[in-house]
2 protein chains.
Amino acid sequence: MTRWQPDARGRLEAAALELFRERGFDQTTVTDIAARAGVDKRTFYRLFGDKREALFSGGKLLEGVLVKAVAETDAAPFETVIAAFQRVADEIFADRLDLARVRQSIIEGSPELQERELRKTSSLAAAVADALRAKGVGETAATLATESGVTVFRVAFARWVAPGCDASLTELIAEMAAELRAVTSAPAVPAPNAATLT
Amino acid sequence: MTRWQPDARGRLEAAALELFRERGFDQTTVTDIAARAGVDKRTFYRLFGDKREALFSGGKLLEGVLVKAVAETDAAPFETVIAAFQRVADEIFADRLDLARVRQSIIEGSPELQERELRKTSSLAAAVADALRAKGVGETAATLATESGVTVFRVAFARWVAPGCDASLTELIAEMAAELRAVTSAPAVPAPNAATLT
DNA sequence: TACGGTCATGTCACAAGATGACATCGGTCC
DNA sequence: GGACCGATGTCATCTTGTGACATGACCGTA
């Protein structure tokens, strides 16, 4: 039998990232991942629900920071969510651009991973909305502010990891938030020009 | 060999819906579905990419109506998307509330199906954003208006299928759009009271 | 009627994902 | 030492999903 391996979880995550990058997600079997990490396939499934989860372990950390930020911020719902994402951008993503790009390119190469990412995002949104409701924000407002905030973050994130972008994620979030406000503000009535803050 | 069956696709969709409702998604095998429809498992996989797809066949129709509506409407981006969803609500969903409820309850019972639904929604959004860009709407505005519109639709839809709701989907969409505008409008400056249309 | 296409389907085989049941090893507590 | 326990390995099995090939129905043509 193979000797016991410390930090099986970390080793498996690293092995999975490497293999997905080298051969692609579909071309990598769970047995391959386990072999590279020096553990059994069964151990992989005890630590991760399925093959995709090996790529999405950071989700819990993200959720924690986000929820905490929401709880601590005192502003209107949408502004609170935006501020929370900006905090996450600083604390978690700022110095991990390269990793983010690798992960993103792996995800883009597999529909299965795209689905999983959407679900993770959705679950994150649910947590944020809960945090907002816990502060007394109404049901509908909490949902809409959260979803809008998530949209802003997603678009900003996509720009951030796109090649040839030198802006910081935090800046991009601010820009996209402003754009979203402009786009959803009351329709310009047939009058000549409506004054909007830009 | 089993006799040939007309409309294999329709039979399989119906069989899948029945079985998912009776036993749940996980407890139903593709072989079960095929057997009830009177065809072979292999035929199922030729008509549907995977087990989940049997529940999501209407997506293409939806996308078509939506894109057409966007192309034909002449208004600001966000308003265009909202109007398009309202048209879909009238033309497709209005008289299918019961079916929508059954489908929804099946989806809620399976994480895999939730993932697939999110992807379908995402793909729908991409199509709408493309339609918007085709009308000359800028890249960012198209994305943000679309995502916001989709959010409005999703929230409205959730209310619509919730038990004890008697409003029409179209009305709910209008309400949620107004709410979203209110939530994302510029933050109330420290001034006493900001006037907003409610 | 016979012939040759083509298209959908059935049949068989199989890799990979995922899970349950059980054995085993290392350490811990008494 | 010996009982206990948690993490791991091993084995068996089911299900998903796919490739390769055979068959049978249908269609136009000679």
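Sequence lines set the chain letters: A, B, ... in the order given, protein chains first and strands last, and positions in each chain run from 1.
When the P atom of D:dG19 is taken as reference, atom CG of B:Asp40 falls 16 Å away, rounded to whole Å. Note: CZ (A:Phe44) to P (C:dA16) measures 15 Å, nearest angstrom. Here the C1' atom of nucleotide D:dT15 and the NZ atom of B:Lys51 are 8 Å apart, to the nearest Å. Going from atom CZ of B:Phe25 over to atom C1' of C:dA18 covers 14 Å, rounded to whole Å. In this entry the distance linking CG of A:Asp50 with P of D:dT15 reads 19 Å, nearest Å. Atom CG in A:Leu47 sits about 10 Å away from atom P in D:dA7, given to the nearest Å. Rounded to whole Å, the distance from CD on A:Glu112 to C1' on C:dA16 is 11 Å. In this structure, OH of A:Tyr45 is placed 18 Å from P of D:dC11, rounded to the nearest angstrom.
Applying side chain to side chain donor-acceptor pair (under 3.5 Å) to B:Thr140 and the options A:Arg159, A:Glu175, A:Glu179 leaves one that passes, A:Arg159.
The two residues B:Arg181 and A:Ser185 make their nearest non-hydrogen contact at CD-C, 4.1 Å.
A donor and an acceptor atom, one from each side chain of A:Glu13 and A:Ser57, are located under 3.5 Å apart.
Phosphate proximity of D:dG17 to B:Arg52: present, with a side-chain N or O under 4.0 Å from OP1 or OP2. Listed pair B:Thr43 / C:dG10 meets the phosphate criterion, a side-chain N or O lying under 4.0 Å from OP1 or OP2.
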When the side chains of residues 150-158 of chain A are checked against the rest of the protein, which donor-acceptor pairs come out under 3.5 Å, sequence neighbours left out?
unit_1   : atom_1 : unit_2   : atom_2 : d
A:Thr151 : OG1    : A:Glu147 : O      : 3.0
A:Arg154 : NH2    : B:Glu147 : OE1    : 2.9

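Among the nucleotides C:dG20, C:dA16, D:dT15, the one closest to any side-chain atom of A:Arg42 is C:dG20. Considering only side-chain atoms of B:Arg46, the nucleotide from C:dG17, C:dT9, D:dT10 that sits closest is C:dT9.
Judged by the 6.0 Å and 45° rule, B:Arg9 forms a cation-pi pair with B:Phe48.
Among the atoms of the strands shown, base atoms are found under 4.0 Å from some heavy atom of B:Lys41. Heavy atoms of B:Arg9 sit nowhere under 4.0 angstrom from any nucleic acid atom.
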